[in-house]
Amino acid sequence: MRKAATLYDYIKWRGDLTFRQDEFNERDAAVLSQLVYTDFSKFSSLNEDRDYITFKDIGEKIKSHTEFLIVNGDYIQRKEEYDEFLLAACDTDRYGNIKIRKYVDITVLEQNIQFAAATFELDNGLKVITFRGTDDSVVGWKEDFMLSYETTGSQLAAGEYINARLKDEIDEEFYICGHSKGANLAVYAAAVLKDEEIKRLKHIYMFDGPGICEPVLNEAQILEANDILKDKEDPEEKIKEIYSRLDDKTTRISPESCFIGKIFEAKFTDTRLVKSTAKGLGQHSLVTWCMDYHDFLYAEKFERGSVWAGKIFDEWMKDQDMEKRKIFVEEIFGAFEEAGIERFSDILKHGFSSIKKIAGAASGISGTTKKMAMDLPKTGINDIGKSNKKKIDKLQEKVEGKISHLPELSIKSKNYITLSDK
């Protein structure tokens, strides 16, 4: 059986055509949403006489054996695959001539912020503002969870980044895109645009990322751009209004087995499902998405497991107020901090010793967090139905047995700061 084609093959197929010959599309947006995981700071000094570098510059530097890095916290084991992806793109006319401008990469451990973005200028002059998803850092994953109870530093930074770009250099049509958390930031950034700016926005491409949720609705950036929210009370209606304003310019693409994209699901009209070479959560990785030469290989419906998982998450979140969510996240990730784990790759490097440290730190988690941790699997268990009552009771006992012995601990929360791109 022939191996399914992927975005890597798309780069090979279309790499000889410039954007003047074949205009920018959703596959290109997916390619850039993967390439933005590159640590461009390693190449910032390549051409000091100009304010940009190109992928060809990067490719040439890589070939001369300079160290380079693609960061991706979801699938560290795909490192070589991501590296090959970058090299293939650098070696084409289509992507090699893209100018990389205004790269920003900020991690603030104390403020729980992991943010990165770049503005890619195509050979036809159009610009694509692209936001990076979650990297390998624990702080990046913590910030993902913080989406459930407050506007994050990365969201505020995304709003500031796009406003700075439109003020400084982009006075023509442009695109916005991102993958995973980057997709959430793409939608947030679009939501802070004024009406006259949205007219210049050609399209938003959202690749398997969480939607926005209630905490962002009181942010000045959002309220200033969405006057209609002031006349509405219900948070769900407010979120629908934000999406409605962006709906005709947004394409949301997720894999059949969708979990990340089911979190606060963004229900845009143009929602597409793509097939993947991977299974389960592995489908979240863009490099596994299937191609049929000139387009993605689309599926008809979400896999049953991801629909079920999305339903469980929604039900669980309804039962937890903002303060409980905050305590849960602070304590779970506090255990990583206490264990001295800053990157998930540290766990792979040090194996059992890292796990032992985390387990020791987690032994102090409070009763509130223990209960929330038990409630999530219970929500799923209860959804199975009364016909499996014996299995349900056994599984509940097992869950409670694993968690109930943990003693109390309280951890004070930390605040975030607003970042400015100067």
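Predicted model only: the values in this text are computed from it and were never measured.
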Just wondering, do [Y] and [X] contact through their side chains at under 4.5 Å, heavy atoms?
| X | Y | value |
| --- | --- | --- |
| Ile58 | Ile100 | yes |
| Ile170 | Thr119 | yes |
| Ile253 | Thr251 | yes |
| Ile204 | Cys177 | no |
| Thr92 | Phe55 | no |
| Phe131 | Ile176 | yes |
| Glu256 | Lys275 | yes |
| Tyr82 | Ser285 | yes |

Whether [X] engages the ring of [Y] as a cation-pi pair (distance to the six-membered ring centre under 6.0 angstrom, angle to the ring normal within 45°) should be assessed.
| X | Y | result |
| --- | --- | --- |
| Lys56 | Tyr95 | no |
| Arg132 | Phe115 | no |
| Lys99 | Tyr52 | yes |
| Arg165 | Tyr161 | yes |

Exercise. Assess whether salt bridge (Lys or Arg N to Asp or Glu O under 4.0 Å) is satisfied between Asp91 and Lys63, documenting all intermediate values.
Key: CA-CA 11 Å; Asp91 204 28; Lys63 288 171 186 175; 3.4 Å; yes
Exercise. Using the test ring-ring contact (aromatic ring centres under 6.0 Å, His included), find all partners of Tyr188 that sit at least two apart in sequence or belong to another chain.
Key: none
Quiz prompt | Residues forming a ring-ring contact (aromatic ring centres under 6.0 Å, His included) with Tyr205, sequence neighbours excluded | solution = His203
Taking all heavy atoms of [X] and all of [Y], pick out the closest pair and write down the distance.
| X | Y | result |
| --- | --- | --- |
| Leu246 | Val187 | CD1-O, 4.0 Å |
| Ala5 | Trp13 | CB-CH2, 3.4 Å |
| Ile62 | Leu87 | CG2-CD2, 3.4 Å |
| Pro255 | Leu273 | O-CD2, 4.4 Å |
| Gly261 | Ser254 | CA-OG, 4.5 Å |
| Ala189 | Ala158 | CB-O, 4.0 Å |

Self-check item: Stepwise side chain to side chain contact (heavy atoms under 4.5 Å, CB included) test for Met291 and Leu7
Solution: CA-CA 7 Å; Met291 300 291 305; Leu7 271 176; 4.1 Å; yes
Between [X] and [Y], is there a donor-acceptor pair closer than 3.5 Å when you use the side chain of the first and the backbone of the second?
| X | Y | value |
| --- | --- | --- |
| Ser244 | Lys240 | no |
| Asn184 | Gly211 | yes |
| Asp57 | Thr54 | yes |
| Arg27 | Ile11 | no |
| Thr38 | Leu35 | yes |
| Gln114 | Gly133 | yes |
| Gln283 | Ala278 | yes |
| Asp295 | Asp292 | no |
| Asp123 | Thr18 | no |

Any luck finding a side-chain donor-acceptor pair between [X] and [Y] under 3.5 Å?
| X | Y | value |
| --- | --- | --- |
| Tyr10 | Asp28 | yes |
| Glu241 | Asn226 | no |
| Thr288 | Thr277 | no |
| Glu219 | Thr151 | yes |
| Tyr37 | His179 | yes |

Quiz item: So, for Phe120 and Phe174, is the gap between ring centers shorter than 6.0 Å?
Solution: no
Quiz item: Is the gap between the ring centers of Tyr103 and Phe40 under 6.0 Å?
Solution: yes
Quiz item: Residues two or more places apart in sequence or in another chain: which of them pass side chain to side chain donor-acceptor pair (under 3.5 Å) with Tyr175?
Solution: none
Quiz prompt | All side chain to side chain donor-acceptor pair (under 3.5 Å) counterparts of Asn124, not counting sequence neighbours | solution = none
Should the pair [X]-[Y] be classified as a salt bridge under the 4.0 Å nitrogen-to-oxygen rule?
| X | Y | value |
| --- | --- | --- |
| Lys232 | Asp234 | no |
| Asp16 | Arg94 | no |
| Lys127 | Glu173 | no |
| Asp247 | Arg252 | no |

With rounding to the nearest 0.5 angstrom, report the [atom1] to [atom2] distance, [X] to [Y].
| X | Y | atom1 | atom2 | answer |
| --- | --- | --- | --- | --- |
| Cys90 | Asn97 | SG | CG | 11.0 Å |
| Lys262 | Ser257 | NZ | OG | 11.0 Å |
| Asp93 | Gln21 | CG | CD | 8.0 Å |
| Asp22 | Leu17 | CG | CG | 5.5 Å |
| Glu23 | Leu126 | CD | CG | 9.0 Å |
| Ile239 | Lys267 | CD1 | NZ | 11.5 Å |

Quiz prompt | Worked check of side chain to side chain contact (heavy atoms under 4.5 Å, CB included) between Arg272 and Glu26 | solution = CA-CA 11 Å; Arg272 311 177 196 178; Glu26 64 270 23; 3.0 Å; yes
Practice problem: Kindly state each residue pair satisfying ring-ring contact (aromatic ring centres under 6.0 Å, His included) with at least one member in residues 217-255, sequence neighbours excluded. | Solution: Tyr243-Phe268
Quiz prompt | Audit row: His294, Arg14, side chain to side chain contact (heavy atoms under 4.5 Å, CB included) steps and yes/no | solution = CA-CA 8 Å; His294 304 304; Arg14 309 307 288 171; 3.2 Å; yes
Quiz prompt | side chain to side chain contact (heavy atoms under 4.5 Å, CB included) between Ser180 and Asp208, worked out | solution = CA-CA 5 Å; Ser180 195; Asp208 202 31; over 6 Å; no
Which donor-acceptor pairs under 3.5 Å do the side chains of residues 190-198 make with protein atoms, sequence neighbours left out?
from: Asp195; atom 1: OD1; to: Arg245; atom 2: NE; distance (Å): 3.3
from: Asp195; atom 1: OD1; to: Arg245; atom 2: NH2; distance (Å): 3.0
from: Glu197; atom 1: OE1; to: Lys194; atom 2: N; distance (Å): 2.9

